[in-house]
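All remarks here apply to the structure that follows.
The chains referred to below are lettered A, B, ... by the order of the sequence lines, with proteins before strands, and numbering in each begins at 1.
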Amino acid sequence: MSNPIRLRDLIRQIRSAKTAAEERAVVQKECAYIRDAFRDEDNTWRCRNVAKLLYVSLLGYPAHFGQLECLKLIASARFTDKRIGYLGAMLLLDERQDIHVLITNSLKNDLNHSNQYIAGLALCALGSICSPEMSRDLGGEVEKLMKSSNPFLKKKAVLCAVRIIRKVPEQFDVFQNSIRSLLSEKNHGVLLTAIALIIEMCQQNSQALQIFRKLVPNLVRILKNLIMSGYSPEHDVSGISDPFLQVQLLRLMRILGRNDLEASETMNDILAQVSTNTENSKNVGNAILYETVLTIMDIKSESGLRVLAVNILGRFLLNNDKNIRYVALNTLLRVVHADHSAVQRHRATIVECLKDADVSIKRRAMELCFALINSNNIRTMINEMITFLATCEPEFRADCTSNMFLAMERFSPSKRWHVDQMIRVLTTAGNSVRDDIVSSLISIISSTSELHGYTAQQLYKIIRNDITQQPLVQVASWTLGEFGDLFVSGQYQHPDDNEHVQASEDEIVGVLEKILNWSICTVVTREYAINALMKLSTRFPSCSDRIQSVMTVYACNMNLELQTRAVEYTSLFTKHNPIRPSIVERMPVLVSNAASNTANEETSYEPEESPSFNGQNHSVQSTNPSEHVDDLFKMLDETPQTNGRTDSNTHSNILDLLNSGSPQVSSSSNPLEDILFGDDLSKNESMNGSNSTIPSMKVIDKNGLLIVFQFEKQDSILVIHLHATNSTSIPLKNFTFKAAVPKTFNLELLPPNSTTIPANNSGDVRQIIKISNPNKDKLRMRIKLSYSSNDFQVNDEAELNTFPEQCYT
Amino acid sequence: MIQFILLFSRQGKLRLQKWYTSQTDKSKKKITREIIAAVLSRKPKMSSFLEWKDLKIVYKRYASLYFCCAIEQDDNELLTLETIHRYVELLDKYFGSVCELDIIFNFEKAYFIFDEFILGGEIQETSKKSVLKAVNDQDVIQEVETPQGLIDEY
């Protein structure tokens, strides 16, 4: 039989194949030949055939039938055979295969071979593919070779030991004694590998960590010699002596110095020396500096050294090499919380990195920017982030907007600025904003009553031209629905720039109709729009018919959600028209979730509460309700009757549904009312005022604060609607109202809709008082109120004796 | 530790692969495909580092070949670039101005050189001289044993 074709020729044949099919044919033909040759036990050419097989396996073809042949090659006496055999074993076998244990015997023989290269081959194979069983069987041989005087074998044996203890950690004991002596070797290969072994041991075993900590002075000495010693051409890389060994030493120092003050102190000097003396013009120097920085940051180093490390990272950021910038940003991200002020110094450079072409660099720069935002730099940083948002990849946008919102929540200088910036963010980010941002923004707008009209205006300006951005349109619909009337009436703080826009009721309704009708808007957006339209039906009475006809149309809409709402709203117009105004009344100010949750807990468990239910103040006042009430009634010499009844169950249910701040107390059992946005049902009368036959009474008119009582009789209960308005130019905050009546009366004080009376009569605070008077006595009342104007606390009280007669007859 | 190393051409053909973790053939093929696709799609302006699963991929292009190394989270990426460069220098010294064809036609020698430089995923020798000496010595043993050569000559 002629000789099998040479490896080179096979490769040529395969490469000259023009199609994949042709190549497959060549390979299959040759593999068939090889299989036959293996079957014929051809010893001479086995190595050639296996080599060819290894080549085709590289191309992706199956080669498992060659595994046994590799074993035969390894067992052969010829060096060529062994060399290819071990290569084949490393490429074709791994510890999952059973065949693999058959090597163990050959390995054992070869490990003890007199020829160092044969032992070397065995060690190499063992280091690549050993299994736990092989580790146990051959661990002793490896340890013997570690003690060999031949550095060639020593270094390989040490790396085998690394692999062995990774597979079988218990083998640690076998190797631990030999380590120390290895560190006194001069051979770089042995040193390098010995350190790798120590690193592996320390990572597995904390006991080893204690033992090896004692070696720190030795390591420092080795590193020092390495740096200080003269030029060694063998280990030199661009003028730096053995950077691989330097990095390895630094890495071990990091592991040993972590959490250990003494070890860290021993390393301080050498770390400073390496940081300052290493040449940083090429990648190799920077690799060492990088490792040094990682070590400094991880051990208990002194602050001067840490600042030095952060400065190195800052210099890295200015480097032209993008790899170095990437590595710097990555590391800065890890240390920014620990060394915040040091990293702040490099903020400008980090912001520049936002414009980098590499996606990973941009992502890290973005995360780092968010970590660096504080109240000093929030304005500039948010501007930068919005610019970034405009040009960044879509996958970043959701994270970026959420983070911006969080940062603004923490640090924004004013609510108005916050809302302005969020509007900018929503306009820039389009549809990539997360849903919770929409609701968070809505709650911010709602909680700041000064912003109601202003925000409505700003949002209207944008959406009258563009309704493609869903989150923005959702917020805008909600705002216009709630506060459209404020916007139209012009009663709000106009923006400083001259881009003031005025709109009519019809125009606003028109925009909302457009949103509702546009099928490209998502269902959620359209739901927002239909709700907003419904609210406007009472706020804009002139458009009420128009809105009603929209609802009628949508009552037949294909979308179930929209249809349900439209049908319910239509019935509000027809069958339940009397209650329509109260149902779509303006929502009470939403206190943010955190504050409202604490308020909820306290109201649920307080048996006797103070009359006012504001989120923040509640916790203060509810601690001493009886005390205040006692003060009040010492004057009247009557029994206190001040409490707000809370049905805690409905209370929490309502709050769950609404997620609103002011707890609602419903005295009526009508379930529809329980889910009202607005106040108590009986208040609707006060809006029109037409049903009351009892004249209203001015209670207080002092310093711009006007409180008026409007009365209404419901069966035998007198319902008093309190209206408080403020004609000064400063809003009155933390308004609380308390009342006391003589013993024979029953008084129920419901929570107000707000505790801030807006300035310039632009809004009012309303509260309901219910009085039952079974004895039909003359009504008297003592009231106490307090508020703050520009942080100046004002308290006032009065006795009311001049109630209209109809109140109590 | 280096978990695996891949060498492939710009057309995505694998020229060399060395795995230091135990994987089935199927998963090796899958990983190789994914990484080749990820690296080949990188633009020139991007950095040499890639995050892939819980590993860091460090790659560098030399002429028509991509050298790609997968390292663990606590390994030094910049040093890995140096490691790759050292390997290329070794090949260059051995073959004399190495090119892709050299690696194709002498892949077993490329492996032999690699196995004298790195063992079990860790560097074993930092002296170029020592690595090449070991390889050359072993070549000599082969030549002495069978002067006519068994794999390629004859």
Side-chain angles (χ1 to χ4, degrees), chain A residues 3 6-8 11 15 44-45 47-48 51 54-55 58-60 78-80 83-84 87 94-96 117 120 123-124 127-129 152 155-156 159-160 162-163 188-189 192-193 196 234-235 237 242-245 247 251 283-284 286-287 290-291 322-327 357-361, chain B residues 1 13-25 29 43 45-51 74-83 85-86 104-108 111-112 115-116 119-130 134 137-138 141-142 144-146 149-154:
Chain A
N3 296 339
R6 296 182 291 182
L7 171 65
R8 177 170 311 171
I11 297 178
R15 282 171 63 79
T44 328
W45 301 110
C47 58
R48 184 181 281 189
L54 292 179
Y55 181 77
L58 199 56
L59 293 177
R78 259 202 315 228
F79 185 77
T80 312
R83 219 180 181 194
I84 293 283
L87 180 63
D94 67 61
E95 54 191 272
R96 292 157 196 269
Y117 293 116
L123 282 168
C124 187
S128 295
I129 60 167
F152 178 80
K155 67 189 186 193
K156 288 183 199 268
L159 286 182
C160 269
V162 175
R163 173 105 187 180
H188 286 219
L192 191 70
T193 53
E234 228 184 294
H235 300 110
V237 178
D242 209 338
F244 302 104
L245 185 55
V247 168
R251 195 159 155 208
N283 182 60
V284 55
N286 286 322
Y290 175 42
E291 195 73 29
K322 49 200 167 334
N323 295 329
I324 293 176
R325 286 205 301 275
Y326 173 90
V327 141
D358 182 320
V359 166
S360 319
I361 291 183
Chain B
M1 162 182 147
K13 289 196 100 98
L14 198 59
R15 298 300 178 204
L16 217 74
Q17 58 174 334
K18 188 88 187 180
W19 296 77
Y20 291 108
T21 54
S22 171
Q23 310 266 7
T24 58
D25 264 346
K29 285 208 176 110
K43 302 195 199 57
K45 280 251 184 291
M46 297 174 130
S47 67
S48 298
F49 311 127
L50 202 54
E51 284 119 42
D74 45 1
D75 288 326
N76 185 327
E77 298 97 315
L78 298 179
L79 195 72
T80 311
L81 282 172
E82 290 300 314
T83 309
H85 190 71
R86 173 57 64 91
I104 296 172
F105 280 93
N106 301 287
F107 74 95
E108 83 278 12
Y111 273 115
F112 295 150
D115 286 333
E116 287 299 327
L119 195 156
E122 304 275 353
I123 300 176
Q124 58 177 297
E125 182 57 66
T126 54
S127 154
K128 268 189 281 195
K129 207 169 89 176
S130 303
D137 282 355
Q138 294 179 69
I141 298 180
Q142 268 190 264
V144 164
E145 216 174 50
T146 27
L150 279 175
I151 300 186
D152 265 332
E153 304 318 314
Y154 198 178

Under 4.5 Å heavy-atom distance to chain A, tell me which part of [X] shows up: side chain, backbone, both or neither.
| X | answer |
| --- | --- |
| B:T146 | side chain |
| B:R86 | side chain |
| B:Q23 | backbone |
| B:D74 | both |

Practice task
Please look at A:D242 and chain B and tell me whether the side chain, the backbone, both or neither of the residue comes under 4.5 angstrom of a heavy atom of that chain.
Solution key: side chain

Problem - Partner chain A: residue of B:K29, B:K43, B:E116 with the largest heavy-atom pair count (under 4.5 Å) - result: B:E116

Minimum side-chain heavy-atom gap [X]-[Y] below 4.5 Å:
| X | Y | answer |
| --- | --- | --- |
| B:Q124 | A:K156 | yes |
| A:L7 | B:F107 | yes |
| B:T126 | A:V237 | no |
| B:I104 | A:Y55 | yes |
| B:E122 | A:T193 | no |
| A:L54 | B:E108 | no |
| A:I84 | B:F112 | yes |
| A:Y326 | B:M46 | no |

Practice task
Kindly indicate, with the supporting measurements, whether the criterion side-chain contact (heavy atoms from CB on, under 4.5 Å) is fulfilled by A:V284 and B:H85.
Solution key: CA-CA 10 Å; A:V284 55; B:H85 190 71; over 6 Å; no

Looking only at heavy atoms and a cut-off of under 4.5 Å, which of [options] has the most pairs with chain B?
| options | value |
| --- | --- |
| A:V359, A:V327, A:L59, A:I324 | A:V327 |
| A:T44, A:L58, A:L192 | A:L58 |
| A:G120, A:C124, A:A357 | A:C124 |

Problem - Test log, rule side-chain contact (heavy atoms from CB on, under 4.5 Å), inputs A:H188 and B:S127 - result: CA-CA 8 Å; A:H188 286 219; B:S127 154; over 6 Å; no

Exercise for the section: May I ask you to decide whether B:E125 forms a salt bridge with A:K155, counting only side-chain N to carboxylate O separations under 4.0 Å? Expected result: yes

Handout entry: Residues in ring pair (Phe, Tyr, Trp, His ring centres under 6.0 Å) contact with B:Y111, at least two apart in sequence or another chain
Key = none

Problem - With sequence neighbours excluded, residues passing ring pair (Phe, Tyr, Trp, His ring centres under 6.0 Å) with B:F105 - result: none

Problem - Side-chain (B:E145) to main-chain (A:F79) donor-acceptor, under 3.5 angstrom - result: yes

